Amino acid sequence: METNLTRRGFLTGAATTGALAAFGALAGCAPAAPQAASNGGDLAQTGEAATTGWSWETAPAPIADGDIVATVESDIVIVGAGLAGVTAACRATELGASVTVVEKMPFPSSRGGHYAAYQSRAMTEAGMTNDPKDEIVADWMRFSGNRTKEELAWLFMDRSSEVMDWLDDLSGDALNIIPIYTHYAGPQYYEHIGTHVIRGDFPDNENKISAPVYFMWKQAESQGASFVFDTPAEQLVKEGDRVTAVIAKGADGYVKYVGTKAVVLATGDISGDPEMIEAYGDKLGLKPVVNAYTPEGANTGDGQKMGMWVGGRMQEYPVPTMIHLIRYCGLSFGFMYVNQEGRRFMNEDTWIQAKSIRIMEQPGGEFAWSVFDKNWADDVARSIPLAGGQFWDDMSRTTPEWTPESATKVIEGALEAGNAVTADTLEELAAAMGVDEAVFLAEVENYNALHAAGEDTQFHKRAELLSAIKEPPFYALKFGPSLLAMPGGLEINEKLQVLGEGDEPIEGLYAIGNASGGRYALDYPVFINGNSHGSAMTWGYVAAENIVNG
């Protein structure tokens with residue numbers, strides 16, 4: 001039986017307005033340098049940038065030809081072996097191009113998780129029908145305050161299923177591409193289906209690289225691609241109006257990697273560089289104390305800086321923080337949330353980025369508690385068709401029906417790890433949580449009264465999502481935000497070419513994945529969970545075709 005999970009079938013005239021965030025657009029190709037403080041003329045304590053501007057605003061001196069120990073020539077040089085880079089390498093070599101991939105880390109960078117595509121073959125075979133493209137693009141633009149390039153949104157919508165199906169065909173039995181049902185479905189915010197998990201068992205994958213990255217890396221090598229690791233790129237070479245090469249430093253010194261057709265920047269985001277975070281991010285996004293995904297030394301904006309040195313520019317709007325509720329416990333559901341003082345602080349019926357930001361606004365700004373009683377499984381099952389989504393629902397549910405087994409394991413694991421507490425009385429629960437008992441008991445009493453009355457007059461949560469907290473044992477899950485990435489970079493056009501002065505493409509230079517800009521602004525939008533990974537694959541695939549086919 002076909003499962004037609006569509007927004008039109010769910011929403012019945014609900015208003016879906018999106019207020020623009022109160023952030024000023026960053027003007028020009030670089031942000032304003034930190035300003036002097038007003039306290040007697042002392043400069044703000046922001047490091048060297050306080051007196052000289054941002055460190056990358058002055059391009060370094062060109063590396064001398066005499067310092068170059070070797071020159072390597074390929075049709076395409078890809079800087080970065082993450083998801084976007086290995087996709088580009090895999091597709092380009094399949095099309096017959098010679099490819100060299102230069103990576104600063106010792107092996108391909110990898111992030112597991114979700115991969116989005118619009119209406120893949122796997123979705124169709126599973127009986128899953130997505131919403132019309134124009135609805136999804138409208139949500140994409142709204143979530144980003146209409147500060148993104150609509151042509152890039154349509155590039156993803158029009159090509160992502162082709163890319164996912166290509167990977168499915170190419171990998172055969174090596175990868176299992178599974179569409180999942182987890183998505184948030186509310187009247188004001190909505191996540192569309194189109195999320196996939198990609199699994200594969202590779203005995204030689206000792207570094208636990210995500211399955212699609214590992215597969216495409218090895219596939220690209222088998223097709224002739226050369227991967228060079230532990231070799232950070234430092235400068236692009238521009239001859240006239242064309243970028244022709246990148247210079248990287250290996251164990252034996254500088255090597256010039258010439259791309260006769262193109263150089264592709266796939267170096268990832270800026271979340272590993274505190275100065276670039278300060279320059280291009282919104283200030284609230286700096287609060288998460290844990291960067292969950294970026295290994296030390298990685299994702300330091302190398303491609304963005306090199307691109308600016310040859311005439312490219314960063315996207316003009318604040319680079320969004322991708323913040324997920326993965327710290328402490330991986331589930332929070334939609335129960336009553338209280339802050340570290342024991343106070344309820346929000347309408348829990350919303351999407352994950354909003355929840356993360358609300359937590360960061362609270363005293364301490366690090367975590368919150370989700371509070372419920374013994375009837376939690378029934379309450380969650382009742383809520384899933386009405387809301388759901390990541391950290392409310394299972395992260396990889398492959399059937400329409402929610403069952404409690406996976407969530408039970410998560411809760412048990414959180415209890416063992418000290419990221420959840422349970423008690424037979426609310427007083428004992430408050431003590432275990434470390435919150436003010438009187439404040440907490442008053443909040444629970446009020447929440448139960450709202451449930452009994454069938455109306456949330458405090459934060460106006462939908463009445464059907466209210467649940468009582470009355471029957472022991474009682475539980476509280478500790479959860480909080482972590483920074484995953486800051487997906488934004490150099491301005492590009494729909495061909496993935498880096499744009500220079502007057503929005504003219506810089507010949508021979510492309511940017512893909514999180515090194516490229518224009519996809520997102522203000523907030524990372526989860527209109528389809530995993531769309532950053534999905535667009536990284538799509539950008540790599542499309543860039544390879546554009547370069548090879550001309």
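All values derive from a computational prediction rather than experimental measurement.
Between D523 and W351, some side-chain heavy-atom pair lies under the 4.5 Å cut-off. Annotation: side chain of E348 is in contact with side chain of K461 (closest heavy-atom distance under 4.5 Å). Side-chain atoms of M360 and I323, non-hydrogen and from C-beta on, do get closer than 4.5 Å to each other. The closest side-chain heavy-atom distance from L465 to L386 is below 4.5 Å. N299 is not listed as a side-chain neighbour of M105, based on a closest heavy-atom distance of 4.5 Å or more. By the 4.5 Å heavy-atom criterion applied to side chains, Y510 and I78 are not counted as neighbours. Considering only heavy atoms from C-beta on, N130 comes within 4.5 Å of H192 through its side chain. Side-chain contact between I469 and Y447: present, with at least one pair of heavy atoms (C-beta onward) separated by less than 4.5 Å.
Using a distance-only test at 3.5 Å, with no hydrogens or angles considered, no donor-acceptor pair links the side chain of E191 to the main chain of I528. No donor-acceptor pair closer than 3.5 Å links the side chain of D131 to the backbone N or O of E135. For D456 (side chain) and F459 (main-chain N/O), a donor-acceptor pair under 3.5 Å exists by modelled atom type. Using a distance-only test at 3.5 Å, with no hydrogens or angles considered, a donor-acceptor pair links the side chain of Y184 to the main chain of D349. T195 places a side-chain N or O within 3.5 Å of a backbone atom of N529 that can act as its donor or acceptor partner. Panel note: side chain Q304, backbone G268; a donor-acceptor pair is recorded below 3.5 Å. Of the possible donor and acceptor atoms, one in the side chain of K149 sits under 3.5 Å from a partner among the backbone N and O of I492.
The heavy-atom pair separating G96 from D75 by the smallest distance is O-OD2, 4.5 Å. Here the shortest heavy-atom pairing between T182 and S396 reads OG1-N, 4.1 Å. Smallest separation of non-hydrogen atoms from M486 and G281: CE-CA, 3.6 Å. Summarising the geometry of V101 relative to A89, their closest heavy-atom pair is CG2-CB, 3.8 Å, with the distance given to 0.1 Å. Nearest heavy atoms, H114 versus M395: NE2-O, 2.7 Å. Contact record, F156 with S160: O-OG, 2.8 Å, taken as the closest heavy-atom pair.
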**OP:** Evaluate the side-chain contact (heavy atoms from CB on, under 4.5 Å) criterion for residues Y115 and L83: first the C-alpha distance (whole Å), next the side-chain angles of each, then the deciding distance (0.1 Å), finally the verdict.
**Re:** CA-CA 11 Å; Y115 306 84; L83 180 61; 3.8 Å; yes
**OP:** Take Y475 and V371 through the side-chain contact (heavy atoms from CB on, under 4.5 Å) test and state the conclusion after the steps.
**Re:** CA-CA 6 Å; Y475 299 86; V371 183; over 6 Å; no
Original post:
Checking salt bridge (Lys or Arg N to Asp or Glu O under 4.0 Å) for the pair K133/D158: CA distance, chi angles, key distance, verdict?
Top reply: CA-CA 9 Å; K133 292 181 179 180; D158 291 338; 3.0 Å; yes
Original post:
After noting the C-alpha distance and the side-chain angles of N339 and F367, does the key distance pass the side-chain contact (heavy atoms from CB on, under 4.5 Å) rule?
Top reply: CA-CA 7 Å; N339 62 21; F367 65 86; over 6 Å; no
Original post:
Between R147 and E316, does a salt bridge (Lys or Arg N to Asp or Glu O under 4.0 Å) hold up when you go through it step by step?
Top reply: CA-CA 9 Å; R147 285 165 164 81; E316 295 182 350; over 6 Å; no
**OP:** Start with the C-alpha gap between Q219 and C90, add the side-chain angles, then the distance that decides, and say whether side-chain contact (heavy atoms from CB on, under 4.5 Å) holds.
**Re:** CA-CA 6 Å; Q219 182 71 15; C90 190; 3.6 Å; yes
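Legend: residues meeting ring pair (Phe, Tyr, Trp, His ring centres under 6.0 Å) with Y337, ordered by chain and number and at least two apart, are F479. For the side chain to side chain donor-acceptor pair (under 3.5 Å) test, residues two or more places apart in sequence or in another chain that qualify with S120 are H196. Evaluation of the side chain to side chain donor-acceptor pair (under 3.5 Å) rule for S383 yields W392 as partners, not counting sequence neighbours.
Ring pair W376/W402 is perpendicular by interplanar angle, where above 60° counts as perpendicular and below 30° as parallel.
Distance check: Q353 CD to L325 CG gives 9.0 Å after rounding to the nearest 0.5 Å. Distance OG/S161 to CG/D168: 12.0 Å, rounded to 0.5 Å. To the nearest 0.5 Å, the span separating CZ on R397 from OG1 on T403 amounts to 8.5 Å. Interatomic distance, OG1 of T87 versus CG of L167, reported as 7.5 Å (0.5 Å rounding). Residue F333 holds its CZ atom at 6.0 Å from CG of L477, rounded to the nearest 0.5 Å. Between atom CG of residue D269 and atom CG of residue N514 there is a gap of 5.0 Å, rounded to the nearest 0.5 Å.
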Can I get a per-line list of side-chain donor-acceptor pairs under 3.5 Å for residues 540-550, giving both atom names and the distance, sequence neighbours left out?
| from | atom 1 | to | atom 2 | distance (Å) |
| --- | --- | --- | --- | --- |
| Y541 | OH | E162 | OE2 | 2.9 |
| Y541 | OH | E545 | OE2 | 3.4 |
| E545 | OE1 | R159 | NH2 | 2.9 |
| E545 | OE2 | R91 | NE | 3.0 |
| E545 | OE2 | R91 | NH2 | 2.5 |
| N546 | ND2 | K495 | O | 3.1 |
| N546 | ND2 | V542 | O | 3.4 |
| N549 | ND2 | E545 | O | 3.4 |

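Pairs engaging residues 202-215 under the side chain to side chain donor-acceptor pair (under 3.5 Å) rule: S110-S210 [sequence neighbours left out]. Screening residues 371-380 for salt bridge (charged side-chain N to carboxylate O under 4.0 Å, His left out), with sequence neighbours left out, gives D379-R382.
In this model, a donor atom of one side chain and an acceptor atom of the other lie less than 3.5 Å apart for Q119 and T124.
Checked against the 6.0 Å centroid threshold, W217 and F229 count as a close aromatic pair.
Ion pairing between R121 and D169 holds under the 4.0 Å rule for side-chain N and carboxylate O.
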